[in-house]
Protein chains: 2
Amino acid sequence: MNPPPTAKRVSRLSDEITLQLERWITEQQLSSGTQLPTEKVLCERFGVSRAVIREAISRLKADGCVTTRQGSGAFVAARPGQGSFRLVRGLEHSPPILSDEMSDIFELRYLVETGAAERAALRRTAKDLDRMRDVLGRMQDALAAQADAVGDDDAFHVAIAAATHNSQIERFQAFMGGQFSDSRAPTWSSDGHRSGRAREAQAEHVRIFEAISRGNAGAARRAAEAHLVSAARRLGLDPLRWGGDKTESTR
Amino acid sequence: MNPPPTAKRVSRLSDEITLQLERWITEQQLSSGTQLPTEKVLCERFGVSRAVIREAISRLKADGCVTTRQGSGAFVAARPGQGSFRLVRGLEHSPPILSDEMSDIFELRYLVETGAAERAALRRTAKDLDRMRDVLGRMQDALAAQADAVGDDDAFHVAIAAATHNSQIERFQAFMGGQFSDSRAPTWSSDGHRSGRAREAQAEHVRIFEAISRGNAGAARRAAEAHLVSAARRLGLDPLRWGGDKTESTR
DNA sequence: TCCGAAATGTTGTCAGACAACAGTTTTGAG
DNA sequence: CTCAAAACTGTTGTCTGACAACATTTCGGA
């Protein structure tokens with residue numbers, strides 16, 4: 001039983017089928033509620049066992065693309081893509097994120113995070129400030145010890161988002177932060193310490209914290225804007241096109 | 001017709017196991033990279049067959065919680081929750097979205113969408129404007145015919161996001177829009193037409209479009225802000241706490 | 001000691017079967 | 001003939017067993 005030379009055996013068979021199924025659904029422009037082929041039919045069409053088909057459908061279910069009803073069949077969900085949002089397209093698109101893509105993601109983060117800082121300044125409690133102070137202190141220690149503080153950097157931004165008391169914003173910030181963990185590494189690397197990138201980032205953090213602590217929403221937003229623009233520059237991105245604040249009219 | 005309110009819906013063993021596994025991982029605070037028990041062990045622990053366990057793990061994989069390596073085992077992913085972002089927690093949390101939750105989601109949407117409108121005004125092309133005009137025209141027709149235009153309403157907001165030429169923002173807007181399809185129904189219902197909600201919404205849409213068309217970023221943002229605040233009011237939410245615009249110093 | 005091959009363990013895939021459920025058709029009582 | 005119950009068919013959900021592909025460990029020989 002030699003499988004057709006379609007697959008190069010580079011990865012899991014179920015991954016391949018998942019991708020093909022997803023593509024097939026979107027290409028066919030299947031409207032919500034349409035029933036898709038039975039598992040048996042799909043088995044024959046793709047030439048795989050039912051386990052693989054079920055695995056693929058299971059993932060689409062988790063993605064929110066399809067729903068299944070026992071005894072009835074599988075159907076396209078209300079909105080394809082509803083239920084969850086993923087930044088990087090595809091299933092295993094990990095290694096190379098293009099600079100344009102990264103820039104786009106960063107801009108989305110910019111929109112949310114600046115607004116979050118603004119709102120955090122208005123709603124933060126003493127507890128929120130304590131949490132931020134803690135993380136800030138840990139980063140200060142790391143700065144003195146020239147150590148790595150990527151995790152704390154992430155935690156600081158999440159702490160800001162948490163101070164909005166909007167759990168959705170907090171979760172989104174945590175989600176976005178996770179995507180940027182790798183990107184923050186250069187700032188806290190030994191080279192980052194030497195070149196002053198770490199100190200620079202920390203100074204920006206302090207400025208955001210102080211604005212939020214004072215309850216000055218406008219200042220908090222501007223400090224967050226400045227920090228994100230600097231962070232983008234440290235990553236080699238071009239934040240000019242974001243032009244949300246100062247460079248607005250010049251275009 | 002449609003019998004969804006099956007309250008006794010205890011079935012779907014795999015759903016139960018998925019939930020328990022997810023809960024177990026988060027509760028144990030398993031750090032990234034930790035290996036979780038083998039499928040065989042999990043089978044015995046939960047008293048189910050391997051198929052169910054595999055189904056559950058498959059979903060967690062789709063969620064980005066865990067990764068698997070053939071011949072090695074399953075491991076907690078780099079960041080739990082990385083890979084995809086879902087607004088409503090849980091797998092089958094569809095029917096009742098609490099008002100607070102809804103309000104939080106709406107605020108997140110507010111942050112992204114107002115920024116998107118601002119940027120759309122700066123970057124829109126003639127083609128973008130054509131697309132928006134098309135959708136706007138369809139909504140105008142629906143208004144005259146007292147018809148439903150929820151889909152077009154959604155499409156209009158996506159068209160704005162598309163005009164930013166930032167694919168991540170566009171995709172996020174499409175994602176968020178899908179979550180609100182149901183919520184927009186009252187506006188375009190027969191009652192919505194009668195009470196003037198539809199006409200009101202349409203007027204706000206036109207105002208946003210004109211600002212974007214003129215390339216006036218500030219006006220576009222303010223128009224989007226006004227529209228979202230009105231939309232929230234139409235949904236019975238309280239947009240006061242967002243306080244992003246009027247209470248702001250930079251105006 | 002060092003290296004390679006065998007042994008063991010784990011996930012991935014296959015195959016078949018039955019259970020639970022939904023929809024349709026047939027049957028039987030009135 | 002009417003209509004409801006029963007039988008039938010088709011689909012997804014779950015179980016079981018087996019083997020393949022891959023990773024890690026163990027162990028024996030040079």
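Labels below follow one simple rule: chain letters A, B, ... track the order of the sequence lines, proteins then strands, and each chain is numbered from 1. If you're wondering where the values come from, they're calculated on a predicted model, not measured in any experiment.
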Presence of A:Ser14 side-chain N/O under 4.0 Å of C:dT13 phosphate oxygens OP1/OP2 =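 So the side chain of A:Ser14 is within the cut-off, an N or O lying under 4.0 Å from OP1 or OP2 of C:dT13.
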
Report each atom pair, protein N/O against N/O of nucleotides 9-12 of chain D, whose distance is under 3.5 angstrom.
unit_1, atom_1, unit_2, atom_2, d
D:dG10, N2, A:Gly71, O, 2.9
D:dT11, O2, A:Gly71, N, 3.4
D:dT12, OP2, A:Glu39, N, 3.1
D:dT12, O4', A:Gly71, N, 3.4

For the pair B:His227 and B:His157, name the ring-plane relationship: parallel under 30°, tilted 30 to 60°, perpendicular over 60°.
->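 Because their plane-to-plane angle is under 30°, the rings of B:His227 and B:His157 count as parallel.
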
Mind checking whether A:Phe172 and B:Phe172 have parallel, tilted or perpendicular rings, split at 30° and 60°?
->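 A:Phe172 vs B:Phe172 ring planes: tilted.
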
d([atom1], [X]; [atom2], [N]) in whole Å:
X: B:Arg59; N: D:dG13; atom1: CZ; atom2: C1'; result: 11 Å
X: B:Ile53; N: C:dT10; atom1: CD1; atom2: P; result: 14 Å
X: B:Glu55; N: D:dT16; atom1: CD; atom2: P; result: 16 Å

So, B:Gln140 and B:Gln202: side-chain donor and acceptor under 3.5 Å apart, yes or no?
->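 B:Gln140 vs B:Gln202: donor-acceptor pair found between side chains.
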
Passes side chain to side chain contact (heavy atoms under 4.5 Å, CB included), A:Lys40 versus A:Ile53? Steps please.
-> CA-CA 9 Å; A:Lys40 196 157 95 173; A:Ile53 295 295; over 6 Å; no

Test item: [X] side-chain N/O and [Y] main-chain N/O as donor-acceptor pair under 3.5 Å:
X: B:Asn166; Y: A:Asp104; value: yes
X: A:Gln35; Y: A:Ser72; value: yes
X: B:Thr164; Y: B:Ala161; value: yes

Are B:Glu55 and B:Arg59 close enough for a salt bridge, meaning some N to O gap below 4.0 Å?
->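 Answer for the salt bridge query: yes.
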
Under-3.5 Å N/O pairs linking protein and nucleotides 3-5 of chain C:
none

